[in-house]
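Note that the structure is a prediction, hence the values are computed from the model and not measured.
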Amino acid sequence: MREKELRLALVCYGGISLAIYMHGITKEIWHLARASRDFHDGIAKDDPHGSSRTVYRDLIADIEAETGTRLRILPDIIAGASAGGINGIFLAQAIETGQSLDPLTALWMEYADIDRLLDPDARPAAKFTKFWASPLVWMAARRPGDAVERTVAPETREEVRMKLSRFIRSRWFEPPFGGAGFSNMLLDAFDAMAREPAGTPLLPPGHPLDLFVTVTDFEGYPESLELHSPPHVIETEHRLSLGFCARGRSRDERNFADPIELAFAARATASFPGAFPPFTVRELDGVLEERQRHWPGREAFLKRVLPRHSALGKAEDAVLIDGSILANAPFAQAIGALRNRPSRREVDRRFVYIDPKPHSRSIKLTRSGEAHELAEGEVAPLPGFFRTIFGALSDIPREQPIRDNLDAIEGRSRRILRMRQIIDALRPQIEHDVESSFGGTLFLNRPTPARLAGWRAKAQMRAAGAAGFAYPAYGHLKLSGIVDDIADLLFQLGADDNAGQRDATRQAIWGHVRDAGIDQLGGDRRDSASPETVQFFRDHDLSFRVRRLRFMARRLAETLEVESEASADALTAMHDAIYGGLAVYLERESAEYYGDTLADAAGRVRADPGSVLTALAAARDLRACDEAAELLLSDALSELPKAERRLLLLAYLGFPFYDIATLPLLQGEGLDEYDPVKVDRISPEDCSAIRPANAAATLRGMEFNNFGAFFSRAYRENDYLWGRLHGAERLIDIVLSTLPVGITLPADTVTRYRKAAFHAILDEEEKRLSLVSDLIASLRREIG
């Protein structure tokens, strides 16, 4: 059976009230992940009436039966901005905890309404509040052929006009929506999710989860830049990225996030300018005080997400606004999370970005405030005063294309393909060299820990000798990477958060490296290194050890897990041994591992780098790590048949040869996921299985500059339902695109699964969505 993981890195755009549409899409992603978990964990179907989750599970089973591919779906990276950030945050919480997203749907329907969002102090106190604004309300919502009459269904026009009246007559020159009320809504949503019975997490034990949301620091913070002349300049940085990660196998180890901290991130990223007041820590403190709720990790969290403000004792003064202003498509954060992700088997990595309104701007300002079609021969006027200002400040930055991000992903994929081709070409010669180094009896012996250690040392010497002139370049690249990693680690352990101090730390370590002769690689013999260099690598080259085990894991996934005479128990033991060894090394990459002792030493690195490096080597104790890892490996290797044992030993002992060839190609960066990355989009413009793709004709939330769904529950029900339907259509497409080249399911089978998913969604939502019953009836006829 061929095993494969479809890993989803989700990038969720902003969209104001189209957040409700995106909730429908993320809910389908949640159902797909649950279906995958249930199938692989053997969890019985618990919905006798069927649901889209049941359809996805049947599809996964059908793919296995028809193609021999056992597919697991893992949404493990999520990055979002503004409305997309909110949905990404709740989806990540559901993935990590096993909690349900169903309570969130009810809250979106009830809470995401103008009447609930208006700040109590901004609501019209009486019928005659701002009586002078009544003519404006009448012109906006009562004249024949107005926007409401043209775009709003007859049965909801009165509701929209009434709420539009209250909205216009709310306070002016201050945000109409309430910040504290918004924070309370977010906390209520997390509480509602926590009250529901939870299942098991949706990712396998030990698999990492990363979440990022973008935020804009309104005042900004100073950043020091180093130039040739003048040597230092100060610029103001406004971009913030709030990151949350779950690592480790047990729930206690993973410690993803306190819901209060997730509410902080959601409130900050969605502070749409002009609609919501800017977010501050004081606002959240006040809300928590009213709720009589304690925030135990407050100081540590603020120090992590607002380090510069916290260092000055001014975290409460930070003014945070909508994250989509400067980073509406946070691909960079998701790309960065690809590092240090385990690859247990073949991986199909997808970047899936959710864009609810492609080709449509967030803010539309024309001569009359509405869309204007040019007559034949008419020349478009230059943008006016307000349109220019609003476009520059709000619209243009958030609508920039993502070509640079896609180029970065494509470049990474090209490097992966090039590296795989190089490794495949080198493998016969490397395996021959390794075998000839040890003689024909090597693979008949039981690989004890002592033998593995000896063979490993001999193989590394042989690889250095075979590399010739290439070895010094490789060695210097390794040395540079180790120094950078140590400098970053010590900088994290220290209390200083200053770019100048970071560079001073790095320079101090380099000074010690040169003074101690650690940088002496080559010399009279091009394949040699000084004893000091060898010892430095033994004490500090953590990355090499991690790369070696991940290389071995990939070899296991590409070969033995595809076809092998070994028993399932033996393969599982080998898999667990590799990842058990990895865990020993990986925990030493984190600053949290070292505690206060090394943190105190980190403060002395610029004065006495040698003693700090000695203390770090003792704290890491990589020799003990090597012994522990090789004990696990030797036991597991001994249980494999001779041919399988030989293959994995060749991968383990031959890794130095591969590393010398590939590390310079990767410019010192190890790639953990060993397959190219593909990019998929989910948007209304990509879905035509039910109706022709047309976002404006489908989504009601696009009205009123994308605030439309806040004016009517019927609008919200419409957009949420279409979000689920579009999500189901695109997710089925994405799942089927993982099939091996030349293997497809019959077209009628694909159509059958789509229709089954659509009908399951309509069946599930019919009772909840009482205001769009006509739409549901029409959709049933159209789906067939």
| Straight-line distance of M193 CE to L104 CG, nearest 0.5 Å | 6.5 Å
| Are any of the side-chain heavy atoms of L91 and L10 separated by less than 4.5 Å? | yes
| query | Do Y720 and K27 come close enough that some side-chain heavy atom pair is under 4.5 Å? | reply | yes
| query | For G24, does its backbone N or O pair with a side-chain atom of R724 as donor and acceptor, under 3.5 Å? | reply | no
| request: With side chain to side chain contact (heavy atoms under 4.5 Å, CB included) as the test, would you mind laying out the steps for I734 and R350 before giving the verdict? | output: CA-CA 9 Å; I734 291 169; R350 302 298 180 91; 3.9 Å; yes
| query | Hey, does the side chain of S310 reach the backbone of L306 with a donor-acceptor pair shorter than 3.5 angstrom? | reply | yes
| Would a distance-only check, ignoring hydrogens and angles, find a side-chain to backbone donor-acceptor pair under 3.5 Å from T280 to V319? | no
| request: Please list, chain by chain and in numerical order, all residues satisfying ring pair (Phe, Tyr, Trp, His ring centres under 6.0 Å) with F351, sequence neighbours excluded. | output: none
| Sub-3.5 Å donor-acceptor pair from the side chain of D210 to the main-chain atoms of G243, do we have one? | no
| query | Going by the angle between their ring planes, with limits at 30° and 60°, are F301 and F264 parallel, tilted or perpendicular? | reply | perpendicular
| note | Residues I321 and V215: closest non-hydrogen pair is O-CG1, 3.8 Å
| task | List the steps and the verdict of side chain to side chain contact (heavy atoms under 4.5 Å, CB included) for L187 and L288. | result | CA-CA 9 Å; L187 291 169; L288 294 175; 4.0 Å; yes
| Closest non-hydrogen atom pair, A79 against P330 | CB-O, 3.5 Å
| note | Smallest heavy-atom separation, L211 atom then G88 atom, equals CD1-O, 3.8 Å
| said: If I take atom CD1 from residue I86 and atom CG from residue L186, how far apart are they, to the nearest 0.5 angstrom? | reply: 5.5 Å
| field | N-O pairing of E717 and R713 below 4.0 Å | value | yes
| query | Can you tell if the side chain of C12 reaches within under 4.5 Å of the side chain of N87, non-hydrogen atoms only? | reply | no
| message | Using a 3.5 Å distance criterion without hydrogens, assess whether the side chain of N184 forms a donor-acceptor pair with backbone atoms of A180. | response | yes
| Audit row: L284, F279, side chain to side chain contact (heavy atoms under 4.5 Å, CB included) steps and yes/no | CA-CA 8 Å; L284 184 56; F279 174 67; 3.9 Å; yes
| remark: Rounded to the nearest 0.5 Å, the OG1 atom of T214 sits from the CG atom of L242 at a distance of 8.5 Å
| query | R730 and C687: which non-hydrogen atoms are nearest, and at how many Å? | reply | CG-SG, 3.5 Å
| task | State, with a plain yes or no, whether a side-chain heavy atom of F90 is found less than 4.5 Å away from one of T26. | result | no
| said: Do W295 and D285 make a side-chain contact, defined as non-hydrogen atoms from C-beta onward lying under 4.5 Å apart? | reply: yes
| Do R7 and H207 come close enough that some side-chain heavy atom pair is under 4.5 Å? | yes
| request: Heavy atoms only: give me the nearest R700-D719 pair and the separation to one decimal. | output: N-OD1, 2.9 Å
| request: Enter the distance from D102:CG to W30:CH2 here, rounded to the nearest 0.5 Å. | output: 4.5 Å
| query | Are the aromatic ring centres of H726 and Y21 under 6.0 angstrom apart? | reply | yes
| Closest non-hydrogen atom pair between P208 and L203, with its separation | O-CD1, 3.7 Å
| Test item: D317 and R282 side chains (from C-beta on) under 4.5 Å apart, heavy atoms | yes
| note | d(E316 CD, H309 NE2) to nearest 0.5 Å is 11.0 Å
| query | Which is it for S271 and F182 under the side chain to side chain contact (heavy atoms under 4.5 Å, CB included) test, yes or no, and what are the steps along the way? | reply | CA-CA 10 Å; S271 297; F182 191 8; 5.9 Å; no
| Cationic N near anionic O, under 4.0 Å, D191 to R291 | yes
| note | Output for pair (R349 CZ, D76 CG), nearest 0.5 Å, gives 4.0 Å
| query | Heavy atoms, side chains only, cut-off 4.5 Å: are F218 and P278 in contact? | reply | no
